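Data first, discussion second: the structure below is written as structure tokens.
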Protein chains: 2
Amino acid sequence: MARAGGTDPAPTGAGERGLPPAVVARLTVYLRALGGFLADGVERVSSEALAEVSGVSSATLRKDLSQLGSYGTRGVGYEVENLRQHLSEALGLTRDWRVAIVGAGNLGRALARYGGFGTRGFDVVALLDTDPQIIGNEVGWLRVGDAANLEAVFRRTRTNMAVLALPASAAQAACDRVVAAGVRSILSFAPTILQVPEGVTLRKVDMATELQILAYHAQRGESGGQSGEPAGDPA
Amino acid sequence: MARAGGTDPAPTGAGERGLPPAVVARLTVYLRALGGFLADGVERVSSEALAEVSGVSSATLRKDLSQLGSYGTRGVGYEVENLRQHLSEALGLTRDWRVAIVGAGNLGRALARYGGFGTRGFDVVALLDTDPQIIGNEVGWLRVGDAANLEAVFRRTRTNMAVLALPASAAQAACDRVVAAGVRSILSFAPTILQVPEGVTLRKVDMATELQILAYHAQRGESGGQSGEPAGDPA
DNA sequence: TTGTGTGAACGATTTCACAGCC
DNA sequence: GGCTGTGAAATCGTTCACACAA
């Protein structure tokens with residue numbers, strides 16, 4: 001491993017010093033690929049095989065994994081379950097994340113009902129809206145709460161992540177309030193640029209943006225092949 | 001400008017030779033920011049101001065824009081409307097893109113109803129599903145079609161982009177069919193890794209992945225600030 | 001012998017700093 | 001005087017190629 005002090009032979013896996021954003025993004029891909037192998041009953045994979053289904057080169061994969069520690073066996077490969085465990089820890093998925101969805105429109109409801117969030121570890125603990133017509137409705141296992149009580153709900157549910165599923169016009173105000181309530185990790189589906197203070201991590205997901213990027217490639221006839229998770233951000 | 005031949009004094013704006021993926025991703029951010037300025041009645045912006053709201057450095061912004069051509073005025077700045085026009089063209093947004101949504105579950109319906117796709121230029125021309133319970137339902141301005149007729153529908157509607165909004169288990173098969181039907185630009189919301197042949201551009205959007213990346217940052221206490229659109233992909 | 005882990009080479013992107021034009 | 005456009009420098013990320021361990 002790169003820079004282990006020596007006092008801690010088995011690092012928590014949380015990443016010693018900070019992983020490059022591009023690496024973090026790829027780790028989530030590997031994690032998913034490992035899930036696939038696990039489901040197929042595969043117990044060991046080579047960097048070659050894992051890289052193949054992940055859409056990266058085996059060199060990149062080995063470099064990435066080596067940043068977390070030496071979890072492979074030379075001449076053999078990686079143990080699927082073991083590696084999965086380490087990746088989960090490195091990504092912080094062994095803790096509980098309590099997610100509140102702000103905005104219970106079409107998208108917010110769809111996200112709330114989505115249930116199994118692809119990976120465990122994320123619990124949707126609240127779904128809020130400002131529309132009296134919507135407040136009180138049942139969506140999945142949740143009842144839509146009043147966004148007016150956002151701070152109280154966040155406190156009670158110990159929310160530590162927020163998903164913004166609102167129109168552009170309402171997003172910044174809601175974002176500010178979420179931040180003021182102490183949430184430092186935000187995923188926004190609102191089709192607008194949001195400003196957050198230092199110390200808050202904001203990620204943005206937006207169909208319009210994605211379609212525009214597709215349009216660019218389509219327009220030039222050319223095209224890349226598979227593109228996994230777009231790489232990380234400047235921060 | 002970098003490499004204009006000289007015979008074409010006003011390039012179509014479509015990008016002469018191929019823009020780096022990171023640049024394309026940022027162009028969409030600038031485009032949105034310009035929309036904001038336009039709505040506020042602002043007619044000129046400096047690279048400093050535009051960069052500020054876009055969450056990038058002014059040097060990066062100028063470098064990016066200079067790859068399209070010299071659309072600014074030294075000592076003055078950029079004209080908002082003019083620059084917006086050029087960015088739209090560079091991204092290929094002046095053509096019509098006909099988008100089919102495959103999968104009319106919670107997410108597919110939410111996307112279909114989303115209507116104004118943030119930016120014009122993208123028309124949702126079809127919404128398909130395999131579930132007889134869902135086929136025929138009205139969603140927004142569309143009626144859910146039978147995915148069994150996918151090829152015919154795509155031909156009739158001249159679909160040239162597809163959005164996959166299906167469970168992981170159905171995604172690869174649907175993706176293959178979409179590709180076989182001649183669509184070369186695909187946006188997938190399915191929480192799974194998809195393989196596409198060379199020549200097809202696939203982008204992936206996935207809440208689980210995004211939450212995992214947030215978890216990583218949250219877990220390390222540290223955090224980046226604003227992160228606009230995550231940068232481009234290896235392809 | 002196989003396949004990981006990793007320094008070193010390479011390539012891409014961002015930042016710097018300033019020349020050039022308004 | 002102010003701000004864009006851009007070479008050059010610095011930084012970051014990927015690929016190569018091989019030492020090393022099983």
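None of the values given here were measured: they were computed from a predicted structure. So you know, we letter chains A, B, ... as the sequences are listed, proteins then strands, and number each from 1. Any value given below was found using the heavy atoms of this structure, including those in side chains, with hydrogens, waters and symmetry copies removed.
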Below the 4.0 Å mark, does [N] have OP1 or OP2 next to a side-chain nitrogen or oxygen of [X]?
X	N	answer
B:Tyr78	D:dG5	yes
A:Arg44	C:dG3	no
A:Ser57	D:dT14	no
A:Ser70	C:dG5	yes
A:Thr60	D:dT15	yes

Tell me which nucleotide among C:dT4, C:dT13, D:dG5 gets nearest to the side chain of B:Pro20.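 Selected nucleotide (nearest to the side chain): C:dT13.
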Against the side chain of B:Ser46, the closest entry in C:dT4, D:dG13, D:dT4 is D:dT4
Rounded to whole Å, how long is the line connecting atom [atom1] of [X] with atom [atom2] of [N]?
X	N	atom1	atom2	value
A:Leu19	D:dT14	CG	P	12 Å
A:Leu65	C:dG3	CG	P	16 Å
B:Leu61	D:dT4	CG	C1'	11 Å
B:Glu48	C:dA17	CD	C1'	15 Å
A:Asp64	C:dT4	CG	C1'	14 Å
B:Gln67	C:dA12	CD	P	13 Å
A:Arg26	D:dG13	CZ	P	9 Å
A:Arg62	D:dA17	CZ	C1'	10 Å

*asked:* Given B:Val163, which partner from the list B:Leu107, B:Val102, B:Leu187, B:Val124 fulfils the side chain to side chain contact (heavy atoms under 4.5 Å, CB included) test?
replied: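 Single pass found, and it is B:Leu187.
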Which atom pairs link the protein and nucleotides 20-22 of chain D when you take only N or O atoms and keep those under 3.5 Å?
residue	atom	partner	partner atom	Å
D:dC20	O2	A:Arg74	NH1	3.1
D:dA22	O4'	A:Arg74	O	3.4

What do you reckon, is CD of B:Glu79 surrounded by more than 12 foreign heavy atoms closer than 6.0 Å?
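Open: at most 12 neighbouring heavy atoms sit under 6.0 Å from CD of B:Glu79.
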Neighbour count above 12 (heavy atom, 6.0 Å) for B:Glu81 CD: yes
Pairs under 3.5 angstrom only: tabulate donor-acceptor contacts from the side chains of residues 34-42 of chain A to other protein residues two or more places apart or in another chain.
none

Nearest heavy-atom contact between B:Pro197 and B:Val179 is CG-CG1, 3.7 Å
Which heavy atom in A:Arg98 sits nearest to a heavy atom in A:Asn160, and how many Å separate them?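 So the minimum-distance heavy-atom pair works out to N-OD1, 2.8 Å.
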Checking only heavy atoms, does the side chain of A:Lys63 share a donor-acceptor pair with the base of D:dT15 at less than 3.5 Å?
yes
Check: So do B:Tyr114 and A:Pro191 actually touch side chain to side chain, heavy atoms under 4.5 Å?
Finding: yes
